[in-house]
Number of protein chains: 2
Amino acid sequence: MDDIINTLSEAPLFATLTPSVLNDISKNAHPNAHKKGKILFIHGDPAEHYYIVKSGHIKLFRETVDGTQTIIDVLSQGNVFGHTLVFEENTYPYSAEIAESGIIISLPLSDLRDALYNDNTIAINMLRATTNRLRLREKELEHRSTQNASQRIACFFLRHTLQRKNDSLVIHLPYDKMLLAAHLGMQPETFSRALLKLKKDTGIRIEGSSIYLNTLDRLSSYVCSSCSERFPCNG
Amino acid sequence: MDDIINTLSEAPLFATLTPSVLNDISKNAHPNAHKKGKILFIHGDPAEHYYIVKSGHIKLFRETVDGTQTIIDVLSQGNVFGHTLVFEENTYPYSAEIAESGIIISLPLSDLRDALYNDNTIAINMLRATTNRLRLREKELEHRSTQNASQRIACFFLRHTLQRKNDSLVIHLPYDKMLLAAHLGMQPETFSRALLKLKKDTGIRIEGSSIYLNTLDRLSSYVCSSCSERFPCNG
DNA sequence: ATGGTAAATTGACTTTAATCAATTAGAAGT
DNA sequence: ACTTCTAATTGATTAAAGTCAATTTACCAT
């Protein structure tokens, strides 16, 4: 149980909460091991739980009648999802599937709802987090019109290295290329060709799912020239 | 001053607030008439005010070094913007320009900040509003990959008629076609041709900036087949 | 180790939208 | 009404990504 509280308090959403509030929120938390392919919920299901990723990867997506999938997001360790459905009787606005096996903690929305109405810090934290996410989406939307396929891939690499805060210029793709392609809004074939072009244009080295960057400078000038923000951004 | 309070209370963000809180928030509100082309603030400026549109249209946008603009949103009567910068020392994440002359009310972020930390309902309202906006962006992102130019235009028409809640099947474009094209993420030339195609495909009638729809059915089956939501959606 | 399955790549081709250039239509101001 | 400037349309062409099909590669289970 301490373990769960620890995981919770690592998320910015809950970081600043008092131990007693944290306890309230997590009293009905359950960690579950899930295998790749497992569906957690489907777009339109009544929302009763929200989740925290302890390990593995989750794919949030929606699909049209004819089966075309769009990836909303791919979440990894520490990310929270489903918590925006805290209001009233709500349904999930997307489906969630385990993309890489791992442990997911589920928590009842009702507990969060209670805490939210009682404790202003939770509301403030959630507002802050949601605003950040909104900013990310706006930037993503910008990128879809100003950046080509190769640039979007390179942008992902840059953001990925910045997030990890390590000086290493080696990237190990966190999940397979098909999913990454979908996440970046392109076909696998396009991804493959765009990555090749990126290699030619910037001199990065590619070995399977390991990418070796030479310098961040080279990449950032390749990418960020067609973005409204300067490198390094808070992507 | 009553006038200002009225405008404020029409926004969902402030609708449920008590008169005394509303008063606190609006005590330093100033309505200003602005002409088309006027810049309210620029991406990167320190954020000190947020705004409510009383009339006219505001274009929120960002631009890359080479001058390419991306439209984040086009706001009209009743919309609030800039309020998400309520936290700490922040800078505007986009620029705002008057797209159609009108009256804009400016309010200091500091007043909102004070109210936000004191009154949980404001935080909750803002969270709700921001979550809705996030959902819209997610859907927009989906549309960019699943819908073609004609469908995106038709989708705009549908959402526009639904919002107005009138039975009339006549649409008067709220702002000029160049801006609408940019808002939908396409070039003016593409817009022009896509509108022509939409006319051929669905039999709508176009007279300058007036669009006459025959039925919503025809349009919605044309559009919503490549969307993950059924018509009518909450777009 | 190996056979089977899915991912990834590559090629050929099509579709869609962007771009460049020219013309026409419209609106605002004098 | 006329000038002027900008918006809107249309045409011709190019560029980018999607699609369809065929291989090759990588990985998992036995």
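Below, chain A is the first sequence line, B the second, and so on; all start at residue 1.
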Quiz item: In a check of salt bridge (charged side-chain N to carboxylate O under 4.0 Å, His left out) between A:E97 and each of A:K59, A:K36, A:K35, which one passes?
Solution: A:K59

Quiz item: To the nearest angstrom, how far is A:K197 atom NZ from C:dG11 atom P?
Solution: 17 Å

Quiz item: A:R144 has an atom CZ; how far is it from atom P of D:dG18, in whole Å?
Solution: 10 Å

Quiz item: So, is A:K177 close to the C:dT9 phosphate, meaning a side-chain N or O under 4.0 Å from OP1 or OP2?
Solution: yes

Practice problem: Go through the side-chain N and O atoms of A:E63 and A:S95 and say whether any donor and acceptor fall under 3.5 Å apart. | Solution: no

Quiz item: With distance as the sole criterion, is a donor-acceptor pair present between the side chains of A:T130 and B:R133 under 3.5 Å?
Solution: no

Exercise. Using whole Å, report how far CG of B:L195 lies from P of D:dT10.
Key: 10 Å

Practice problem: Report yes or no: do B:S220 and B:R230 form a side-chain donor-acceptor pair below 3.5 Å? | Solution: no

Self-check item: Nearest-Å distance for atom pair CE/C1', residues B:M178 and C:dG26
Solution: 15 Å

Quiz item: How about B:H172 and B:S210: does a side-chain donor come under 3.5 Å of a side-chain acceptor?
Solution: yes

Quiz prompt | Nucleic acid footprint by protein, nucleotides 13-22 of chain C - heavy-atom cut-off 4.0 Å, B for base, S for sugar-phosphate alone | solution = ----SSBB--

Exercise. Give the rounded distance in Å between these two atoms: CD1 of B:I153 and P of D:dA8.
Key: 12 Å

Exercise. For the pair B:E10 and B:I52, evaluate side-chain contact (heavy atoms from CB on, under 4.5 Å) and give the outcome as yes or no after the intermediate values.
Key: CA-CA 10 Å; B:E10 275 167 29; B:I52 301 183; over 6 Å; no

Exercise. Give the rounded distance in Å between these two atoms: CG of A:D176 and P of D:dC28.
Key: 11 Å

Quiz item: Nearest-Å distance, CG (B:L196) to P (D:dT9)?
Solution: 9 Å

Exercise. Measure the distance from CD on A:E207 to P on C:dT9 and round it to the nearest whole Å.
Key: 13 Å

